[in-house]
Amino acid sequence: MRIVGFGDLYCDYYFKNNELIGVMGGKTNANIIANLSKYYDTSFIGVTTNDTPGLLTLKSLECLGVDVKNIKVIEGSCKKFFISEEGYTTVCPYCNRDLSYKGIKTTYEMVLPHIKEDDILIVDSLNELSLNILKNVDNKAFLDIGYLGNLRFLSLDEIIDMIESRFIIINMNERVYDYLKKKFSIDSQDLYDYFKCEVLIITRGKRGADIIYNDEFEKKEIENPSVEVDTNGAGDAFFSEFIHTYLEENEVNTKMISKAYIKASTLSRIVVSKLGARSHILPLKKIINYKECICDKFDYQ
């Protein structure tokens, strides 16, 4: 059994008080895979680029033991996110350029041949690539919905058709839930019924999470929340522990949910106390020299 993610890798740049602190590979399902690599055989399938940021995204998974042999290195400029206290942007704050390519380079043909029968899939987008893969394999899958993306343009029936009965656990950001709730006049129980997953989690940051399973609703709170340095990656780490506990227990009941929440909230408290989505398992890389700009060619340690 392997835990597998797929797609185009990102490089994250972290700033504090307008100062560049460091860089690291990013992307939601890659972050989840990174967290799970200490427990399981893991693999990522997809695309990165041959520039410095692109190769860094590959190495930052490889050094954690993630199988990266099916990541294709293409010519171009890596997708990048520049993250600060104000949020994130794809435009470099040093040179005001967005050098990243547009769209998705990972294709169905790149991914499907490398998915094994007993692989477990981590999905972080309901784009055309993910939907085509899911329609053509029977593998267990977990879904993280952290961003609306194309969901904002779809009807409720279209969303249900994509998700219904396909995922074991769905982890949904509060912003996504609030949007769907308002647009379609539905609540979390409705979504659970429509999606037909085993567990639906709606994460609410430092206020905890709502969890629905076996037609039971639990509102979980975080006691003594940590002082937040950076919330990036907290949801990814949270979900990774839910996945790990589910695979350990192999059933959904009150014990499993309680155990998963305790472990997930503990890890997320550690993550928010540091700058960077993976800093709890891998230090940010420091840029020590660069040519033209930090978004292009640089040396790091």
Side-chain angles (χ1 to χ4, degrees), residues 10-39 56-57 60-61 63-64 80-90 93-94 124 144-148 169 171-179 188 199 201-211 218-245 257-287 294 300-301:
Y10 309 154
C11 186
D12 291 339
Y13 289 67
Y14 289 94
F15 292 79
K16 190 74 172 179
N17 298 323
N18 296 318
E19 178 186 357
L20 176 62
I21 305 300
V23 294
M24 181 52 61
K27 193 177 189 311
T28 293
N29 62 345
N31 290 337
I32 295 170
I33 293 289
N35 280 287
L36 290 171
S37 64
K38 61 184 176 182
Y39 302 121
L56 186 152
T57 68
S60 65
L61 288 176
C63 72
L64 293 172
K80 308 175 190 72
F81 288 92
F82 303 92
I83 302 166
S84 68
E85 301 94 329
E86 286 74 40
Y88 69 87
T89 177
T90 59
Y94 277 35
D124 66 357
D144 187 287
I145 313 178
Y147 302 94
L148 282 165
I169 304 179
N171 189 57
M172 179 179 292
N173 184 283
E174 181 180 27
R175 293 187 301 273
V176 176
Y177 168 68
D178 287 344
Y179 178 88
S188 55
V199 183
I201 306 167
I202 299 171
T203 56
R204 299 188 180 279
K206 64 174 65 177
R207 292 184 288 110
D210 296 343
I211 305 172
E218 289 194 28
K219 181 175 285 293
K220 298 285 191 179
E221 297 182 356
I222 295 178
E223 297 180 2
N224 302 316
S226 301
V227 175
E228 293 182 351
V229 174
D230 176 30
T231 60
N232 287 285
D236 307 336
F238 183 93
F239 194 27
S240 73
E241 284 298 334
F242 252 90
I243 294 168
H244 174 48
T245 305
I257 295 296
S258 179
K259 180 180 177 182
Y261 183 76
I262 290 170
K263 293 174 66 176
S265 59
T266 297
L267 182 57
S268 64
R269 281 198 295 267
I270 294 171
V271 174
V272 300
S273 69
K274 302 176 182 293
L275 183 66
R278 301 183 196 169
S279 295
H280 60 296
I281 51 176
L282 197 63
L284 291 175
K285 300 300 182 182
K286 306 289 186 181
I287 293 181
I294 58 167
Y300 63 89
Q301 63 180 15

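Just the heavy atoms: all of them, side chains too, but no hydrogens, waters or symmetry mates, feed the values below.
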Decide yes or no for Ile257 and Lys220: does some side-chain heavy atom of the first lie under 4.5 Å from some side-chain heavy atom of the second? yes

Search all heavy atoms of Ala234 against all heavy atoms of Ser268 and return the closest pair with its distance. O-CB, 3.9 Å

With a 3.5 Å cut-off and no angle check, do the side chains of Asn35 and His244 form a donor-acceptor pair? no

Would you mind reporting whether Glu85 and Asn17 have side-chain heavy atoms less than 4.5 Å apart? yes

Around atom NZ of Lys263, are there more than 12 heavy atoms of other residues, nucleotides or ligands at under 6.0 Å? yes

Please report the C-alpha distance between Arg278 and Leu61 in whole Å, then the side-chain angles of each, then the deciding distance to 0.1 Å, and finally whether the side-chain contact (heavy atoms from CB on, under 4.5 Å) criterion is met. CA-CA 10 Å; Arg278 301 183 196 169; Leu61 288 176; 3.8 Å; yes

Under the side-chain contact (heavy atoms from CB on, under 4.5 Å) rule, what do Asp12 and Asn232 come out as? Steps first, then yes or no, please. CA-CA 10 Å; Asp12 291 339; Asn232 287 285; over 6 Å; no

Nearest-0.5 Å distance that lies between atom OH in Tyr261 and atom CD1 in Ile201: 10.5 Å

Restricting to salt bridge (Lys or Arg N to Asp or Glu O under 4.0 Å), what partner residues turn up for Lys27, sequence neighbours left out? Asp124

For Tyr88, enumerate each residue passing the ring-ring contact (aromatic ring centres under 6.0 Å, His included) test, keeping only those at least two apart in sequence or located in another chain. Phe81

If you define the side chain from C-beta out and look only at heavy atoms, does anything of Asn171 sit under 4.5 Å from Phe242? no

Distance check, rounded to the nearest 0.5 Å: Met172 atom CE versus Thr203 atom OG1? 9.5 Å

Within this structure, what is the OH-CD1 distance for the pair Tyr39 and Ile243, rounded to the nearest 0.5 Å? 11.5 Å

Take Phe239 and Ile169 through the side-chain contact (heavy atoms from CB on, under 4.5 Å) test and state the conclusion after the steps. CA-CA 9 Å; Phe239 194 27; Ile169 304 179; 3.6 Å; yes

Between NZ of Lys16 and CG of Leu275, what distance do you get to the nearest 0.5 Å? 6.5 Å

Quick one: are Asn29 and Asp144 in side-chain contact, heavy atoms under 4.5 Å? no

Quick one: closest heavy-atom pair of Gly233 and Val271, and the distance? C-CG1, 3.8 Å

Any residue meeting side-chain contact (heavy atoms from CB on, under 4.5 Å) with Glu19, in chain and number order, not counting sequence neighbours: Ile21

Looking at Tyr14 and Ala277, would you say the former's side chain and the latter's main chain have a donor-acceptor pair under 3.5 Å? yes

Identify the two heavy atoms, one from Leu267 and one from Ser240, that lie closest to each other, and give their separation to 0.1 Å. CD2-OG, 4.1 Å

Take Asp230 and Ser279 through the side-chain contact (heavy atoms from CB on, under 4.5 Å) test and state the conclusion after the steps. CA-CA 10 Å; Asp230 176 30; Ser279 295; over 6 Å; no

Taking all heavy atoms of Ile281 and all of Ala34, pick out the closest pair and write down the distance. CD1-O, 3.8 Å

Approximate separation, where rounding is to 0.5 Å, of Lys206 NZ and Arg269 CZ: 13.0 Å

When every non-hydrogen atom of Tyr94 is compared with those of Ile294, the smallest separation belongs to CE2-CG2, 3.7 Å

Using the side chain to side chain donor-acceptor pair (under 3.5 Å) criterion, which residues pair with Tyr300? Sequence neighbours excluded. none

Contacts of type side chain to side chain donor-acceptor pair (under 3.5 Å), residue Glu228, not counting sequence neighbours: none

Rounded to the nearest 0.5 Å, how far apart are OG1 of Thr89 and OH of Tyr13? 13.0 Å

Please enumerate all residues that pass salt bridge (Lys or Arg N to Asp or Glu O under 4.0 Å) together with Glu221, with sequence neighbours excluded. none

Report yes or no: does Tyr177 contribute a side-chain atom to a donor-acceptor pair with the main-chain N or O of Ser188 at less than 3.5 Å? yes

So which heavy atom on Ala209 is nearest to which on Phe238, and how close? CB-CZ, 4.2 Å

